[in-house]
Amino acid sequence: MSKNVKTIKELADELGTNKTRISRIINKNSIPTQKIKNKIVLEDNSVSLIRQYFKNETQQQNETQQQNETQQQNETQQQNETQQQNETQQQNETQQQNETQQQNETQQQNETQQQNETVSILRTELDKAHSHIEKLSNLLDQQQRLALQDKKLLEEYKAEINDLKALKMPSQDTKEEQANSQPQEELETLKEQIRALNDKIKGQEQLNNQVSKKWYQFWK
């Protein structure tokens with residue numbers, strides 16, 4: 001083989017590539033070739049052109065690969081940042097949900113405690129009301145019994161007064177005879193008994209009024 005020509009394989013071995021790529025460069029750029037002894041060979045001009053196209057193509061591939069790697073790195077970095085943001089957002093949402101749940105549980109516990117305290121206070125007030133009602137009922141029974149006793153006493157006192165008045169005030173026909181015959185001492189005794197009964201009646205009425213006032217004030 002002449003030193004001024006190279007086969008496609010020789011040039012491919014020199015450039016560190018394969019025959020397919022060299023053939024593609026030749027066909028793409030219409031680089032002239034020769035055929036010697038049924039072998040395709042390349043002259044120096046063609047070899048120089050192929051070397052230049054190969055260099056440019058390799059450089060372009062490297063730049064494209066570098067751009068692709070840079071783009072891939074950027075996409076990977078963006079994905080990582082997005083994933084990190086999503087994880088941070090998810091953590092914040094989870095933390096907020098936990099805080100909200102804790103606040104709700106604390107609020108529910110406070111409300112339950114407040115309800116229990118309210119129920120306890122109401123029960124205490126209800127017990128006091130029942131005790132108060134019971135005392136009022138006892139006082140009412142006692143007042144009714146006292147009123148009946150007072151009424152009975154008043155009726156007895158009035159009956160005694162009427163009896164004494166009947167003894168003291170005889171008929172008009174016999175009044176002068178009794179005055180002459182009845183001893184002065186007996187008349188004085190009857191007068192004292194009448195005054196004593198009147199005092200008892202007044203005292204009893206005052207006592208009834210005091211009890212009624214006390215009962216009204218207690219009930220009020």
Side-chain angles (χ1 to χ4, degrees), residues 81-220:
E81 291 176 355
T82 302
Q83 183 178 0
Q84 186 176 1
Q85 289 176 354
N86 292 334
E87 291 176 354
T88 303
Q89 183 178 0
Q90 187 175 2
Q91 290 176 354
N92 292 334
E93 290 177 355
T94 302
Q95 183 178 358
Q96 186 175 2
Q97 289 176 355
N98 292 333
E99 291 177 354
T100 302
Q101 183 178 1
Q102 187 176 2
Q103 289 176 355
N104 292 334
E105 291 177 354
T106 302
Q107 183 178 0
Q108 187 175 3
Q109 289 176 356
N110 292 334
E111 290 177 353
T112 301
Q113 183 179 359
Q114 187 175 2
Q115 289 175 355
N116 291 334
E117 292 176 355
T118 302
V119 170
S120 178
I121 292 172
L122 291 176
R123 286 179 178 174
T124 302
E125 293 296 328
L126 184 60
D127 292 338
K128 289 181 179 179
H130 286 161
S131 178
H132 188 62
I133 291 172
E134 186 177 358
K135 290 180 180 179
L136 291 177
S137 179
N138 293 331
L139 288 173
L140 181 59
D141 292 340
Q142 184 179 2
Q143 177 66 19
Q144 290 175 348
R145 288 194 297 269
L146 290 173
L148 291 174
Q149 291 176 1
D150 293 341
K151 184 178 179 181
K152 185 177 179 180
L153 288 173
L154 287 173
E155 290 176 353
E156 291 177 355
Y157 292 156
K158 288 179 180 180
E160 291 181 4
I161 290 172
N162 291 330
D163 293 339
L164 291 174
K165 285 181 178 181
L167 293 173
K168 180 181 177 182
M169 299 177 65
S171 64
Q172 187 67 28
D173 297 336
T174 60
K175 188 178 295 185
E176 293 180 359
E177 295 178 358
Q178 289 178 355
N180 295 327
S181 62
Q182 190 176 21
Q184 187 66 26
E185 184 177 352
E186 185 177 355
L187 289 175
E188 294 296 330
T189 302
L190 290 174
K191 290 179 181 180
E192 289 295 331
Q193 289 179 355
I194 291 172
R195 282 196 295 269
L197 287 174
N198 287 328
D199 292 339
K200 286 184 179 181
I201 291 172
K202 291 181 181 179
Q204 190 64 36
E205 289 177 348
Q206 291 177 357
L207 179 62
N208 290 338
N209 292 330
Q210 291 178 358
V211 171
S212 297
K213 289 181 179 179
K214 290 181 179 179
W215 169 253
Y216 174 76
Q217 292 176 357
F218 180 82
W219 182 263
K220 187 178 178 182

Are [X] and [Y] packed together at the side-chain level, in the sense that at least one heavy-atom pair is separated by less than 4.5 angstrom?
X      : Y      : value
Leu140 : Leu136 : no
Gln143 : Leu139 : no
Glu87  : Gln83  : yes

Going from [atom1] on [X] to [atom2] on [Y], what distance comes out if it is rounded to the nearest 0.5 angstrom?
X      : Y      : atom1 : atom2 : value
Leu146 : Asp141 : CG    : CG    : 11.0 Å
Glu125 : Ser120 : CD    : OG    : 10.0 Å
Lys152 : Leu154 : NZ    : CG    : 12.5 Å
Leu122 : Asp127 : CG    : CG    : 11.0 Å
Glu192 : Asp199 : CD    : CG    : 9.5 Å

- request: Please report the C-alpha distance between Thr118 and Gln115 in whole Å, then the side-chain angles of each, then the deciding distance to 0.1 Å, and finally whether the side chain to side chain contact (heavy atoms under 4.5 Å, CB included) criterion is met.
  value: CA-CA 5 Å; Thr118 302; Gln115 289 175 355; 5.5 Å; no
Is it the case that atom [atom1] in [X] sees more than 12 heavy atoms from other parts of the structure closer than 6.0 Å?
X      : atom1 : answer
Gln90  : CD    : no
Arg195 : CZ    : yes
Glu117 : CD    : yes

